[in-house]
Amino acid sequence: MNLSIVIPLLNEEESLHELHNWIVSVMEKNSYSYEILFIDDGSTDNSWPIIETLSHENANVKGIRFMKNFGKSQALHAGFAAAKGDVVITMDADLQDDPEEIPELYAMIANDKYDLVSGWKKKRYDNVVMKNLPSKLFNWAARMTSGVKLHDFNCGLKSYQNRVVKNVEVSGEMHRYIPVLAKNAGFKKIGEKVVKHRARKYGETKFGMNRFINGFLDLITIWFLSRFGKQPMHLFGALGSIMFVIGFLAAGYIGASKLIRLYDHEPTILVTENPWFYISLATMIIGTQLFLAGFLGEIILRARQGNDRYKVSDTVNL
Ligand code: UDP
Ligand code: MG
């Protein structure tokens with residue numbers, strides 16, 4: 001199969017027919033073999049019955065329905081697990097992404113030039129203050145911390161090699177950072193394509209302002225995990241050692257200066273009256289705790305039964 005189109009959706013009943021018909025017309029024009037995977041992320045409107053109807057009319061339409069709203073990342077994860085096409089394309093259900101972009105996105109992946117191509121909504125049709133400015137800042141921070149040079153991480157329209165979607169774990173609200181996850185999994189050929197963006201036709205946005213707060217927190221998590229996730233001791237051990245050494249030197253200084261004063265028969269003060277005493281005490285305790293955090297991290301890593309310690313890119317005769 002050429003193409004899997006993965007569409008996460010929450011309460012998008014007005015858009016689904018139009019979106020489906022449009023995608024099908026693009027598929028038929030280019031004679032692709034395809035599947036459309038609708039993942040209903042706990043809609044409370046008529047979205048699911050509509051998906052069922054579409055699936056009766058068109059055998060290429062498949063659906064997954066969540067028990068409740070688990071979030072866009074989880075919906076994408078379910079779609080990725082089910083996707084059978086050589087090329088996987090994700091798009092939003094709200095008609096803001098243009099199906100006419102599919103052939104080019106498909107070609108960029110199918111000729112093996114890229115592992116992942118991300119859409120770039122260069123000209124956006126969203127609220128300037130609520131979305132465009134924060135999103136510039138957000139993309140800048142994501143570029144800086146991840147080293148992935150994309151202008152628009154959060155664009156719903158992206159295309160992937162099948163092996164990419166099978167090897168990234170999209171969880172939490174990490175759908176914003178799939179290119180970073182892909183890079184961390186070892187996929188280096190990450191491209192970008194300017195895509196047409198349209199104003200939301202029906203309904204309203206499902207993410208409020210807290211998308212930016214959560215987005216930045218997730219960014220810190222992802223930066224931390226990619227840098228130190230496999231070796232927490234490298235961070236905590238280093239910080240802990242530095243702290244401990246500072247404390248140790250401060251304690252040594254207190255002791256030495258007291259001895260010198262005693263030797264010179266000068267009056268001495270109680271160690272607790274020396275500010276260095278508290279600095280030494282605090283840094284030694286914090287240093288030990290950081291060290292312990294590093295050890296615990298290492299132990300948890302070793303105890304965890306997981307298959308995400310490495311990624312296999314190919315197998316033969318298996
Ligand atoms: N969506 C989803 N689960 C959620 C929130 C959103 O599947 O919990 C879907 C939504 O239906 C749409 C896509 O994710 O297809 C993008 O959402 P939206 O258009 O609200 O985001 P925006 O375009 O405002 O960034
Ligand atoms: Mg939208």
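In listed order, ligands and their atoms are each counted from 1. Since this is a predicted model, take the numbers as computed values, not measurements.
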Note: ligand 1 atoms sitting under 4.0 Å from heavy atoms of Arg211 are 22 (P), 24 (O), 25 (O)

Using a distance-only test with no angle check, is there a side-chain donor-acceptor pair under 3.5 angstrom linking Asp218 and Thr221? no

Looking at Asp94, the N/O/S atom that lies nearest to the Mg ion (ligand 2) is called OD2

Within the 4.5 Å heavy-atom criterion, are Tyr202 and Asp94 side-chain neighbours or not? no

Centroid-centroid distance, Tyr32 to Tyr106, less than 6.0 Å: yes

Cationic N near anionic O, under 4.0 Å, Glu192 to Lys122: no

Test item, Gly156 contacting ligand 1 (heavy atom, 4.0 angstrom): no

Counting only heavy atoms from other residues, nucleotides and ligands, does the tally under 6.0 Å from CD of Gln231 exceed 12? yes

Taking atom NZ of Lys136 and atom CZ of Arg124, what is their separation to the nearest 0.5 Å? 8.5 Å

Below a 4.0 angstrom heavy-atom separation, can you tell me which part of Asp41, side chain or backbone, both or neither, approaches ligand 1? side chain

Distance filter under 4.0 Å to Gly71 heavy atoms, resulting ligand 1 atoms: 8 (O)

Considering only the protein, which heavy-atom contact is closest to atom 19 (O) of ligand 1, and what is its distance? Asp94 OD2, 2.5 Å

Would Arg211 and Glu173 pass as an ion pair if we require N to O under 4.0 Å? no

If the cut-off is 4.0 Å to any non-hydrogen atom of Ala93, which atoms of ligand 1 fall inside it? 15 (O)

Of all the non-hydrogen atoms in the protein, which one sits nearest to atom 18 (P) of ligand 1, and at what distance? Arg200 NH2, 3.6 Å

Can you report which non-hydrogen protein atom sits closest to atom 23 (O) of ligand 1, along with the distance? Gln96 OE1, 2.9 Å

Parallel, tilted or perpendicular: which describes the rings of Tyr177 and Phe153, with under 30° parallel and over 60° perpendicular? tilted

Counting non-hydrogen protein atoms only, what is the nearest one to atom 14 (O) of ligand 1? Give residue, atom name and distance. Lys72 CD, 3.4 Å

If we set the cut-off at 4.0 Å for heavy atoms, which region of Glu12 has an atom near ligand 1: side chain, backbone, both, or neither? side chain

For ligand 1, is there an atom lying under 4.0 Å from some heavy atom of Met91? no

Tell me which part of Asn11 gets within contact of ligand 1: side chain, backbone, both or neither, using heavy atoms under 4.0 Å. neither

Look at atom 9 (C) of ligand 1 and say which protein heavy atom is nearest, naming residue and atom and giving the distance to 0.1 Å. Pro8 O, 3.7 Å

Write out the residue and atom name of the closest protein heavy atom to atom 21 (O) of ligand 1, then the distance separating them to 0.1 Å. Phe207 CD1, 3.5 Å

Give me the nearest non-hydrogen protein atom to atom 1 (N) of ligand 1 as residue plus atom name, then the distance to 0.1 Å. Leu10 CB, 4.0 Å

Among Arg124, Lys206, Gln74, His197, which one has a heavy atom closest to atom 5 (C) of ligand 1? Lys206

Would you call Glu298 and Arg302 a salt bridge, taking side-chain N to carboxylate O under 4.0 Å as the test? yes

Is the Mg ion (ligand 2) less than 2.8 Å from an N/O/S atom of Gln96, whether that atom is in the backbone or a side chain? yes

Taking the six-membered ring for Trp and the single ring otherwise, decide whether the centroids of His175 and Phe207 are under 6.0 Å apart. yes

Atom 7 (O) of ligand 1: the protein heavy-atom neighbour that sits closest, reported with distance to 0.1 Å: Leu9 N, 3.3 Å

Take the angle between the ring planes of Phe70 and Phe66 and call it parallel below 30°, perpendicular above 60°, tilted in between. perpendicular

Of Lys193, Lys196, Arg198, Lys158, the one forming a salt bridge (Lys or Arg N to Asp or Glu O under 4.0 Å) with Glu101 is Lys193

